[in-house]
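Working notes, beginning with the structure itself.
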Amino acid sequence: MRVIVASLVAVAALGLTACGASNERSVSRADYGNAWPLTVESGTLRCEEPGAVTFTSDEDGTTYSVNGTAEGIAEASGWQNIRPIWADDPNPTMEGLKISIGPLIDDGLALCGD
């Protein structure tokens, strides 16, 4: 009986760990190449509920809101606006344009699962 209980506890612990880790992943400039939209080299992309995409910089540990849903709850969550680390478009057709952050948002939303 003890072996069964211990096994069930171990399986439950693994399940909780897997669930917790599935909503985030490390991302870097190397993953996106020239499409990397940030001025920092790497960090953790995360999907917070309800569909809020955040990015935590490896450089200083700051968490930024990446999409509109995250921006809407950023103040209450303590997240910063992504704009200060959002890279300028190197070939803008208009002044002030940024590199598309869409791929980062899409990848973050994919972490939300069902």
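With rounding to the nearest 0.5 angstrom, the OG1 atom of Thr54 is 4.5 Å from the CD atom of Glu48. With values rounded to the nearest 0.5 angstrom, Gln80 atom CD is found 12.0 Å from Ser57 atom OG. Atom CZ in Phe55 sits 14.0 Å away from atom CG in Asn67 (nearest 0.5 Å).
Taken together through direct or relayed side-chain contacts under 4.5 Å among Ile, Leu, Val, Met, Phe, Trp and Tyr, Ile73 and Leu111 form parts of separate hydrophobic clusters. In this structure, Ile105 is a member of the same hydrophobic cluster as Trp86, with clusters built from ILVMFWY side-chain heavy atoms closer than 4.5 Å. Leu45 and Trp79 are members of different hydrophobic clusters when ILVMFWY side chains are connected at heavy-atom separations under 4.5 Å. Under a hydrophobic-cluster definition in which Ile, Leu, Val, Met, Phe, Trp and Tyr are linked whenever side-chain heavy atoms come within less than 4.5 Å, directly or via other members, Val27 and Ile101 are assigned to the same cluster. One hydrophobic cluster, built from ILVMFWY side chains closer than 4.5 Å, holds both Ile85 and Val66.
The closest side-chain heavy-atom distance from Leu38 to Tyr32 is not below 4.5 Å. Taking the side chain as every heavy atom from C-beta outward, Arg25 and Asp107 approach each other to under 4.5 Å. Annotation: side chain of Ile99 is in contact with side chain of Pro90 (closest heavy-atom distance under 4.5 Å). The shortest distance between side-chain heavy atoms of Glu71 and Asn81 falls below 4.5 Å.
The closest donor-acceptor contact from the side chain of Asn23 to the backbone of Cys112 lies at 3.5 Å or more, if one exists at all. Counting only distance, with no hydrogens or angles, the side chain of Asp89 and the backbone of Leu97 share no donor-acceptor pair below 3.5 Å. A side-chain donor-acceptor contact under 3.5 Å links Asp31 to the backbone of Ser28.
Here the shortest heavy-atom pairing between Pro37 and Ser100 reads CB-O, 3.5 Å. Of all heavy-atom pairs spanning Glu59 and Glu41, the tightest one is OE2-N, 3.5 Å.
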Could you give me the CA-CA distance, side-chain angles and deciding distance for Asp88 and Lys98, then say whether side-chain contact (heavy atoms from CB on, under 4.5 Å) is met? CA-CA 4 Å; Asp88 291 332; Lys98 302 285 188 179; 2.8 Å; yes
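Side chain to side chain, Thr63 and Thr56 meet the donor-acceptor criterion of an N or O pair below 3.5 Å.
Remark: Asn34 CG is loosely packed, at most 12 non-hydrogen atoms of other residues, nucleotides or ligands lying under 6.0 Å away.
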